[in-house]
Amino acid sequence: MEINIYNDYKQMSNKAANFIINFLQSGQEMLLCFAAGDTPIKTYQYLKEAIDKNNNINTDQLKFVSLDEWIGLNEKDKGSCENYLNKYLFKPLEIKAQNIHFFDACANNLKEECLQSDRYISANGPIDLLVLGIGLNGHIGFNEPGTVKDFSHIVKLDSITKSVSKKYFSGKRGINRGITLGLKQIMGAKNIILLASGKKKAEIIYKALVGQITKEIPASILQEHENCYVFLDKKAASGLKTI
Ligand code: PGA
């Protein structure tokens, strides 16, 4: 694991976008998995700006698989992962719909949705580059504390996740479950970027990066990934000063 600390959110996002650009320069076909959430928004904006200036990157070579979704929400719901990613990533980068595999979290048969995602990764993977945020409870995707599984699965959301969800959409939506890739699929990614910004993430970043590796802090398993690159701003890294 490599930990990089930057002055502020903008600088962190800029460096993360540069890392992604360098990665994409190889021009090969790739499977990517980019998290939704507030943290990566600026990274995706810088990525779009950089791709516009760089003729070497052919986005038609890129395939995407979704990391997670709130069960009961879809593209039409502002704040769903699909809505976020379309708005900040796929529409700006003009990624063709046929190159994106989303979980349909409104499907009648959610187990089949999990299997379809697993099959997509088996057929097109492993994931070449995975961009993750981290929840205040240490979740990655919706691998919630103590509930992690290897492959795509449905999960009862932790109370912290449910409370945080109110920032994306009205808490009245009554969201209780999520659908997510599993930890084996996450750890099977060839390269991982973990992004965290702000003082509110300092404590969980400390626990995840320096603490014991435990299922209670799902992100702590990233300590075992050889190609995990952590991008933090100073505030999110403030708990690490004590190392
Ligand atoms: P955030 O979400 O980027 O909106 O903080 C991170 C997460 O819960 O994984």
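Note that ligands are numbered from 1 as they come in the structure, with each ligand's atoms numbered from 1 the same way.
For Lys15 and Phe19, the positive end is not near the middle of the six-membered ring at less than 6.0 Å and at most 45° from its axis.
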Dump all N/O pairs between ligand 1 and the protein below 3.5 Å as a table: atom names plus distance, one pair per row.
residue, atom, partner, partner atom, Å
ligand 1, 2 (O), Tyr168, OH, 3.0
ligand 1, 3 (O), Asp38, N, 3.3
ligand 1, 3 (O), Thr39, N, 2.9
ligand 1, 3 (O), Thr39, OG1, 2.5
ligand 1, 4 (O), Asp38, N, 2.9
ligand 1, 4 (O), Lys167, NZ, 2.7
ligand 1, 4 (O), Tyr168, OH, 2.5
ligand 1, 5 (O), Thr39, OG1, 3.4
ligand 1, 5 (O), Lys167, NZ, 3.4
ligand 1, 5 (O), Lys201, NZ, 2.7
ligand 1, 8 (O), His139, NE2, 2.7
ligand 1, 9 (O), His139, NE2, 3.3

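Taking Asp118 as the reference, nothing meets the salt bridge (charged side-chain N to carboxylate O under 4.0 Å, His left out) condition, with sequence neighbours excluded. Residues passing the side-chain contact (heavy atoms from CB on, under 4.5 Å) test with Glu94, sequence neighbours excluded: none.
Residues Ala196 and Ala236 come closest through the heavy atom pair O-CB, 3.5 Å.
Residues in residues 58-69 take part in these side chain to side chain donor-acceptor pair (under 3.5 Å) pairs, two or more places apart or across chains: Asp60-Lys96, Lys63-Asn124.
Residues Asp52 and Lys48 are paired through a salt bridge, judged by an N-O separation under 4.0 Å between the basic side chain and the carboxylate.
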